Protein chains: 2
Amino acid sequence: MKRVRLIDVAERAGVSMKTVSNVIHDYPHVAPALRARVQAAIDELGYRPNLTARRLATGRTGMIALAIPEIDHPYFSELSRRIAEEATGLGYRVIFEQTLSDASAERAVLHDREAGLVDGVIFHPVQMGTMEIARLAPDVPLVLLGEAAMPVTTDHVMIDNVAAAADGVDLLLTAGRRRIAFLGTVRDDITGSTGQRLLGYQDRLIAAGIRPDPWLILPVDGFSIEDSRVALLRAIDRGVDFDAVLCRDDKFAIGALKALATAGRSVPAEVAVLGWDDTHLASYSSPALTSIAPDKHALAQTALGLLVERIEGHKGVGRHRIVPHSISVRETTPG
Amino acid sequence: MKRVRLIDVAERAGVSMKTVSNVIHDYPHVAPALRARVQAAIDELGYRPNLTARRLATGRTGMIALAIPEIDHPYFSELSRRIAEEATGLGYRVIFEQTLSDASAERAVLHDREAGLVDGVIFHPVQMGTMEIARLAPDVPLVLLGEAAMPVTTDHVMIDNVAAAADGVDLLLTAGRRRIAFLGTVRDDITGSTGQRLLGYQDRLIAAGIRPDPWLILPVDGFSIEDSRVALLRAIDRGVDFDAVLCRDDKFAIGALKALATAGRSVPAEVAVLGWDDTHLASYSSPALTSIAPDKHALAQTALGLLVERIEGHKGVGRHRIVPHSISVRETTPG
DNA sequence: GTGAAAGCGCTAACAC
DNA sequence: GTGTTAGCGCTTTCAC
């Protein structure tokens with residue numbers, strides 16, 4: 001059974017393609033009787049416009065690509081949801097590109113993968129840096145997320161990681177904690193967001209008159225919960241003395257919670273724990289995690305807003321937007 | 001700056017479009033010198049084929065739609081990742097359609113949303129039932145996931161929920177538990193997977209000579225962790241006596257864990273807890289959750305396999321596939 | 001207000 | 001081996 005085409009409807013209704021097209025697009029100046037006749041033909045034939053053909057003709061695909069490291073990472077899945085909802089509201093659909101933090105997959109995103117397929121792309125790079133992205137700048141509108149790369153030429157949205165980390169430290173300081181550990185320097189990841197967070201952490205400590213203790217900066221050998229659990233356990237075994245731990249993300253915080261439970265340290269009485277990203281994990285854990293919360297909604301909205309402006313023809317240098325953050329206080333920090 | 005087209009490359013290289021096309025598609029019979037010349041032109045001009053145009057010409061979009069209730073639900077995000085990876089391996093890209101369990105959004109999936117846009121769709125319905133889907137059967141290849149609907153006419157993949165629930169009960173029985181509660185009958189959701197799971201639960205109990213106690217079937221007023229926490233707490237307050245709880249999904253199990261912690265019941269010593277879906281939540285919780293594990297990889301692979309067969313022209317009645325399940329034993333069930 | 005026809009950029013017969 | 005050309009299905013001037 002062949003798909004029914006616009007012309008089939010036109011023949012059935014005894015009109016031209018243009019008229020059918022007018023009806024489909026609710027073009028106002030169509031005689032009511034004609035409109036009804038055409039609509040009847042559409043219904044009888046079960047006609048559905050071929051979106052691919054429409055695209056070729058209009059040059060607008062109505063799709064955007066969202067390229068993120070992993071769909072099933074809580075932060076990215078939550079952000080994706082926001083972006084998908086926002087995109088739907090703006091009349092776009094989103095196609096997912098999972099890079100798995102692989103350099104060549106990331107390059108492919110900017111290279112040929114999306115040619116003529118999408119109107120624009122929102123990309124959260126991990127491997128690719130500022131320089132490389134600037135060089136490969138694609139022919140299609142692009143908005144960058146995250147801290148890994150921020151070429152001046154490209155639109156970019158993020159939270160102020162330095163300030164957010166400082167706010168986290170503040171919260172802990174206010175609660176009377178003085179020996180605040182930072183859990184989460186993964187080797188080779190200092191350039192990205194972790195570096196920014198570490199910076200904010202150190203700044204605020206110094207501002208409070210506390211000299212950052214290098215022993216309190218705890219490296220982790222990977223990105224998993226288990227890695228973070230082991231890292232904190234090892235620190236405890238080494239006798240590192242701390243009364244709070246600011247974690248690079250919620251996963252690390254969950255690992256920290258596990259380690260503290262094993263070590264018999266009570267949370268938050270003996271040790272306060274602060275997560276980052278405010279993912280579902282934070283509310284699901286027990287005790288529920290206090291977490292630094294990027295405004296994901298604002299992130300999605302801002303990114304899409306910039307992208308749509310580009311799609312609609314905005315030219316000019318990259319715009320760099322900072323969206324708000326807050327702290328979702330739950331049970332792992334003292335009341 | 002206008003996009004460069006195939007014909008631009010052809011002119012630059014002084015050949016016909018066909019030759020350029022041959023080079024792009026690695027058609028073997030092209031004189032090496034010519035090939036080099038064309039390739040040079042492609043590189044110089046930075047030519048990228050317009051995928052939309054290619055689609056119109058070939059009739060193949062190379063995309064599939066994945067329609068699920070929520071991208072950021074752990075089960076669906078993990079399944080999505082598997083499906084996205086599998087699809088990539090097969091040369092398809094995936095576009096996401098989030099239904100939010102909304103009936104009209106679900107109908108739209110089968111209706112006009114995907115016309116000519118994708119080669120096929122994988123759809124996990126929640127609201128739409130067997131009859132309605134059978135009636136709206138779309139013009140595009142379709143594979144259904146989940147238990148909400150399974151029209152004979154449509155391909156369908158799921159796990160054997162009845163058997164999986166029975167296996168879960170078995171595990172608990174073997175551990176010596178006799179008063180096993182079932183947490184998770186949400187009102188109006190009896191028709192879906194919860195109903196199947198409840199069935200398997202009751203069957204196995206009866207087979208073991210235990211009469212299912214209606215008091216042990218605990219209703220929950222929603223789908224959130226908080227709902228499940230409250231539900232279990234309420235049961236405890238009512239004095240319901242149980243030594244194990246089989247939960248409808250991991251989220252409910254997390255809620256149960258919170259309730260048990262509040263009530264001071266130790267897990268698994270006093271109460272064993274069994275989750276369902278084996279999502280990341282299960283390994284992230286403390287204690288780590290034992291969970292019934294659908295083989296998500298097999299689910300993704302099977303669904304995509306069936307879909308691709310349909311796309312490639314397979315006709316005939318719906319095929320209904322059961323994929324394996326297992327139980328990931330962690331800390332919430334006795335050793 | 002409605003119709004005819006020229007594209008959109010690429011593919012694939014079919015010639016040469 | 002390489003070039004010509006007729007579509008793919010829709011949109012959109014531009015006449016009528």
Side-chain angles (χ1 to χ4, degrees), chain A residues 1-39 41-42 45-63 91 112 114-119 139-140, chain B residues 1-39 41-42 45-63 91 112 114-119 139-140:
Chain A
M1 178 182 85
K2 202 89 173 51
R3 274 199 58 148
V4 355
R5 295 159 308 164
L6 185 56
I7 195 170
D8 299 326
V9 176
E11 282 172 6
R12 167 74 155 245
V15 299
S16 78
M17 289 172 63
K18 173 61 175 159
T19 302
V20 178
S21 176
N22 282 342
V23 171
I24 291 171
H25 292 98
D26 283 324
Y27 183 69
H29 308 295
V30 181
L34 243 198
R35 176 182 297 278
R37 186 146 54 93
V38 170
Q39 188 58 54
I42 290 177
L45 264 34
Y47 170 69
R48 309 253 179 291
N50 180 321
L51 300 189
T52 299
R54 176 176 294 174
R55 266 152 203 206
L56 221 213
T58 59
R60 180 181 182 280
T61 72
M63 301 208 298
D112 52 19
E114 319 302 344
L117 220 190
V118 295
D119 295 330
D139 27 348
V140 61
Chain B
M1 178 181 84
K2 203 91 172 51
R3 274 199 58 148
V4 358
R5 296 160 307 164
L6 185 54
I7 196 170
D8 300 326
V9 177
E11 282 172 6
R12 168 72 157 247
V15 299
S16 78
M17 288 173 63
K18 173 62 175 162
T19 302
V20 179
S21 176
N22 282 341
V23 170
I24 291 170
H25 293 97
D26 283 323
Y27 182 68
H29 309 295
V30 181
L34 243 196
R35 176 182 297 275
R37 185 146 54 94
V38 171
Q39 188 58 55
I42 290 176
L45 265 34
Y47 170 70
R48 308 252 182 292
N50 180 321
L51 300 187
T52 298
R54 176 177 292 172
R55 267 155 203 203
L56 222 213
T58 60
R60 181 182 182 281
T61 72
M63 301 207 299
D112 52 18
E114 318 303 342
L117 218 189
V118 296
D119 294 330
D139 27 348
V140 60

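In what follows, chains are A, B, ... by sequence order, proteins preceding strands, each numbered from 1. Bear in mind the structure is a predicted one, so any value in this text is a computation, not a measurement.
Atom CG of Asn22(A) and atom CE of Met17(A) lie 11.5 Å apart (nearest 0.5 Å). Separating the CE atom in Met63(B) from the CZ atom in Arg55(B) is a distance of 4.5 Å, to the nearest 0.5 Å. Atom CG of Leu56(B) is separated from atom OG1 of Thr61(B) by 11.5 Å, given to the nearest 0.5 angstrom.
When rounded to the nearest whole Å, the span between CG of Asn50(A) and C1' of dG9(D) equals 6 Å. Computed from coordinates, the Arg55(B) CZ to dC10(D) C1' distance equals 16 Å when rounded to whole Å. Atom-to-atom, OH of Tyr27(B) to P of dG1(D) comes out at 8 Å; the value is rounded to the nearest Å. Put simply, CG on Leu56(B) is 12 Å from P on dG9(C), counting in whole angstrom units. The CZ atom of Arg48(A) sits 21 Å away from the P atom of dC8(D) (whole-angstrom rounding). Regarding Leu117(A), its CG atom lies at a distance of 14 Å from the C1' atom of dC10(C), rounded to whole Å. Taking atom CD1 of Ile42(B) as the reference point, atom P of dC10(C) lies 11 Å away to the nearest angstrom. Computed from coordinates, the Leu51(B) CG to dC8(C) C1' distance equals 15 Å when rounded to whole Å.
Between Thr19(B) and the phosphate of dG3(D), there is a side-chain N or O to OP1/OP2 separation shorter than 4.0 Å.
Residue Val15(B) places its side chain closer to dG3(D) than to any other of dG3(D), dT2(D), dG1(D).
Side chain of Asp119(B) to main chain of Gly62(B): a donor-acceptor pair is present (N/O by atom type, distance under 3.5 Å, no hydrogens or angles). Using a distance-only test at 3.5 Å, with no hydrogens or angles considered, no donor-acceptor pair links the side chain of Thr52(B) to the main chain of Leu117(A).
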- If a protein heavy atom is under 4.0 Å from the base, mark B; if only from the sugar-phosphate, S; if neither, -; do that for nucleotides 11-16 of chain D going 5' to 3'. BBB---
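With Arg12(B) as the fixed residue, the side chain to side chain contact (heavy atoms under 4.5 Å, CB included) test singles out one of Leu45(B), Ile42(B), Val20(B): Leu45(B).
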